[in-house]
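Working notes, structure below.
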2 protein chains.
Amino acid sequence: MPRKPNFDREDLIKRARDLFWRRGWAGTSLKDLEAELQMKPGSFYAAFGSKDALFELALKRYASDGADRLKTLRAEHGPLKTLQRFPAMVIGNEDAPAKACMLSKTLLELQARKHPLAEVANQYLLGMEAQFADLFEQAQSAGEISRAQSPGALARRYQSDLLGLRVSAERNGVDAGAIADEIAKGLEAL
Amino acid sequence: MPRKPNFDREDLIKRARDLFWRRGWAGTSLKDLEAELQMKPGSFYAAFGSKDALFELALKRYASDGADRLKTLRAEHGPLKTLQRFPAMVIGNEDAPAKACMLSKTLLELQARKHPLAEVANQYLLGMEAQFADLFEQAQSAGEISRAQSPGALARRYQSDLLGLRVSAERNGVDAGAIADEIAKGLEAL
DNA sequence: TATATACTTGAGTGATCACTCAAGAAACCC
DNA sequence: GGGTTTCTTGAGTGATCACTCAAGTATATA
């Protein structure tokens with residue numbers, strides 16, 4: 001009986017993610033979304049419920065894409081090489097809506113208001129860090145790096161370096177590629 | 001002949017800075033400012049001209065306070081010790097409106113819209129980096145660190161680490177103090 | 001004290017915010 | 001093709017946005 005929606009939901013979420021990623025939560029209005037997604041308000045609210053609900057879907061998609069990129073890298077390289085290549089990869093994509101991490105942008109924008117989406121972003125950041133910790137542990141098991149520091153501590157620092165790199169990449173007049181190289185080189189010394 | 005304004009302009013700018021720092025540009029409404037500064041719209045606009053104009057004053061105040069803190073540290077310690085203590089200092093102030101850097105928050109929030117304030121923030125970040133470069137050069141001259149890397153490259157990386165640290169400090173469940181210690185320790189190895 | 005000169009007040013501006021809903025259009029089953 | 005169900009449309013909701021301005025008030029000089 002029902003009529004099918006004439007849009008690809010996953011594609012809409014991706015486009016919304018890119019818009020939110022670039023412009024942020026407050027910087028993206030419903031009008032912007034309607035224009036980008038080619039949806040009238042009624043369809044939009046029938047499909048997603050609210051701006052916040054779509055933002056959360058966008059965050060989820062962002063986080064899982066990031067995790068997938070890391071796993072793809074891991075499939076081709078060892079754990080250390082994966083960790084070394086990842087920084088240059090995240091700032092190297094010219095098609096990306098922004099260099100900075102969407103999770104950190106969301107956290108910085110919404111944390112002070114205690115907006116629920118800030119905590120969602122925080123959780124995904126913790127998830128990424130856990131992935132990094134796994135890779136560091138694997139690198140230690142493979143003998144690629146020493147066991148002088150715990151995988152958790154290494155991941156914490158790596159995540160921090162990555163966040164700094166990605167903020168730096170957003171700046172004008174800063175050679176972020178050089179910073180990415182230094183991060184990669186720093187891992188060799190472990 | 002004129003009547004004096006019954007407020008302390010510098011104090012108002014400081015309070016506005018704290019509000020903008022915590023909540024961001026879009027997250028701070030005129031109503032918020034009126035409440036915090038105890039000013040009616042007419043007085044506000046007579047005194048500052050616009051929300052953006054006050055935000056710019058707040059950024060300037062933020063940047064010069066940061067520069068002052070660095071100089072104060074430098075007056076008591078050598079260049080290397082100054083660079084080593086600064087990270088723990090910026091995240092250690094419990095009274096600060098936020099752990100993250102106001103300049104980077106502004107950049108991330110407004111860069112995509114090409115808002116003029118994003119470029120202002122970018123310039124102040126470059127100014128901070130120049131200060132760091134000076135300190136690295138002094139540390140090299142004093143023989144505290146090697147000349148293997150240029151002061152500019154060292155400052156670029158240090159700034160990036162600092163930005164990452166301050167984003168990390170905004171997160172829940174992350175021991176930012178430990179990261180600050182690692183940054184300080186990393187400088188010894190230069 | 002008279003007057004000039006600000007500063008302060010607060011209701012009000014049009015624009016935009018996220019969001020709603022009734023009505024019409026399209027696709028499915030029978 | 002009839003009937004049901006969902007999707008789409010787009011004008012419209014009240015709230016809030018940054019900002020204005022005329023009227024009132026306080027303080028300075030003369």
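Residue numbers start from 1 in every chain, and the chains themselves are labelled A, B, ... in the order their sequence lines are given, proteins ahead of strands. Scope of the values below: all heavy atoms of this structure, side chains included, with no hydrogens, waters or symmetry mates.
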Discussion item. Please confirm whether the shortest side-chain N or O distance from B/Tyr45 to OP1 or OP2 of D/dT20 is below 4.0 Å.
Written reply: no

[atom1] of [X] versus [atom2] of [N]: gap in Å, rounded?
X: B/Glu34; N: D/dC17; atom1: CD; atom2: C1'; result: 11 Å
X: A/Met39; N: C/dC19; atom1: CE; atom2: C1'; result: 14 Å
X: A/Gln38; N: D/dT8; atom1: CD; atom2: P; result: 13 Å
X: B/Arg9; N: C/dC7; atom1: CZ; atom2: C1'; result: 14 Å

Worksheet item: For B/Tyr124, what residues pass the ring-ring contact (aromatic ring centres under 6.0 Å, His included) criterion, not counting sequence neighbours?
Response: none

Fill in: Degree of bending, the helix from C/dT1-D/dA30 to C/dC30-D/dG1 (end axes from five pairs; round to 10°)
10°

For DNA chain D, what residues of [range] have any heavy atom nearer than 4.0 Å?
range: residues 105-122 of chain A; result: none
range: residues 15-32 of chain A; result: none
range: residues 48-62 of chain B; result: B/Ser50, B/Lys51

Using the 3.5 Å cut-off, write out each protein N or O paired with an N or O of nucleotides 10-14 of chain C and the distance between them.
from, atom 1, to, atom 2, distance (Å)
C/dG10, O6, B/Gly42, N, 2.9

Worksheet item: If you draw the axis of the six-membered ring of A/Trp25, does the NZ or CZ of A/Lys51 fall within 45° of it and under 6.0 Å from the ring centre?
Response: yes

